[in-house]
Amino acid sequence: MTEPVFDNKAQYKQIESGLLDGEQIIAVYDAVGVGTGFIGLTTRRVIIQDKSFMGKRFAITSIPYSKISSVSVVSNKSIAGQYFSTGNIAITVGQHVYEVEFRGSEKTHHVHNVILHYAS
């Protein structure tokens, strides 16, 4: 397996501290926008930090790949046809959709492809 990629060492360490036996980190990407702090991808699950709770509370949500029913890349095009510098991923689990926005479309496509690989 290749070395994990990450944007922020503290986020990587937070994911690393909660790994299960035999689980390995693939990537940890910082998210932009309201609510979400980061998304982590491991060999067993997707981990999303949600900071949208009142006060200083936040949630770490683990989503086993087997529970993901769909994953979508959501992008915007400008009038000139160029993609903006951010991209979104939408992960559907049951009736809930988790949407995470990233800086750079490369991260969005990487997350999409890893989820497809492990969910299928």
Side-chain angles (χ1 to χ4, degrees):
M1 186 168 166
T2 61
E3 287 294 313
V5 293
F6 57 90
D7 293 330
N8 180 305
K9 186 72 168 178
Q11 294 168 345
Y12 176 87
K13 289 291 187 188
Q14 190 170 355
I15 297 288
E16 187 178 51
S17 71
L19 291 177
L20 304 171
D21 288 339
E23 186 175 27
Q24 297 177 338
I25 297 173
I26 298 166
V28 182
Y29 291 128
D30 192 36
V32 297
V34 177
T36 308
F38 62 82
I39 187 169
L41 303 170
T42 75
T43 51
R44 293 189 177 183
R45 58 194 160 135
V46 176
I47 302 166
I48 299 173
Q49 182 190 52
D50 183 351
K51 295 199 269 186
S52 65
F53 292 88
M54 295 294 288
K56 295 183 180 186
R57 300 181 321 154
F58 64 91
I60 300 290
T61 302
S62 292
I63 307 165
Y65 291 114
S66 63
K67 299 297 181 188
I68 297 173
S69 56
S70 70
V71 59
S72 305
V73 173
V74 183
S75 61
N76 294 319
K77 274 193 171 183
S78 69
I79 295 172
Q82 299 296 316
Y83 286 100
F84 291 130
S85 59
T86 63
N88 292 29
I89 197 89
I91 303 166
T92 306
V93 181
Q95 298 297 314
H96 189 83
V97 177
Y98 296 90
E99 191 167 336
V100 182
E101 183 178 5
F102 305 99
R103 289 179 190 89
S105 61
E106 306 82 27
K107 294 175 187 176
T108 306
H109 289 286
H110 184 235
V111 169
H112 177 268
N113 292 343
V114 169
I115 291 172
L116 278 182
H117 173 79
Y118 283 97
S120 56

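Every value quoted in this text rests on a predicted model; they were computed, and no experiment measured them.
- The pair R103-D7 fails the salt-bridge criterion, with no side-chain N (NZ, NE, NH1 or NH2) lying under 4.0 Å from an Asp/Glu carboxylate O.
- Contact of the I89 side chain with the V73 side chain is registered, since non-hydrogen atoms from C-beta on lie closer than 4.5 Å.
- For the pair F38 and N8, the minimum side-chain heavy-atom distance is 4.5 Å or more.
- Contact record, Y65 with A119: O-CB, 3.7 Å, taken as the closest heavy-atom pair.
- A heavy-atom distance below 4.5 Å is found between the side chains of Y29 and V5.
- Across all their heavy atoms, G37 and D30 have their closest contact at O-OD1, 3.0 Å.
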| field | Worked verdict on I91 versus I39 for side chain to side chain contact (heavy atoms under 4.5 Å, CB included) | value | CA-CA 11 Å; I91 303 166; I39 187 169; 4.0 Å; yes
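- In this structure, T42 contributes its side chain and R44 its backbone to a donor-acceptor pair below 3.5 Å.
- Here the OG atom belonging to S72 is positioned 9.0 Å from the CD atom belonging to E99, to the nearest 0.5 angstrom.
- The two residues T108 and N88 come nearest to each other via the heavy atoms CG2-O, 3.2 Å.
- With Q14 as the partner, the side chain to side chain contact (heavy atoms under 4.5 Å, CB included) test is satisfied by one option alone out of V28, I60, I47: I60.
- Under the 3.5 Å distance criterion, the side-chain polar atoms of T92 are left unmatched by any main-chain donor or acceptor of S69.
- The nearest pair of heavy atoms linking T43 to E23 is OG1-CA, 3.6 Å.
- Atom CG of L116 sits about 12.0 Å away from atom NE2 of H109, to the nearest 0.5 Å.
- Rounding to the nearest 0.5 angstrom, the gap separating the CZ atom in F6 from the CD1 atom in I15 is 12.5 Å.
- Nearest heavy-atom pair across R45 and G18 is NH2-O, 2.8 Å.
- Nearest heavy atom pair, residue I26 against residue Y118, reads CD1-CE1, 3.3 Å.
- Distance check, rounded to the nearest 0.5 Å: NE2 of H96 to OG1 of T61 gives 7.5 Å.
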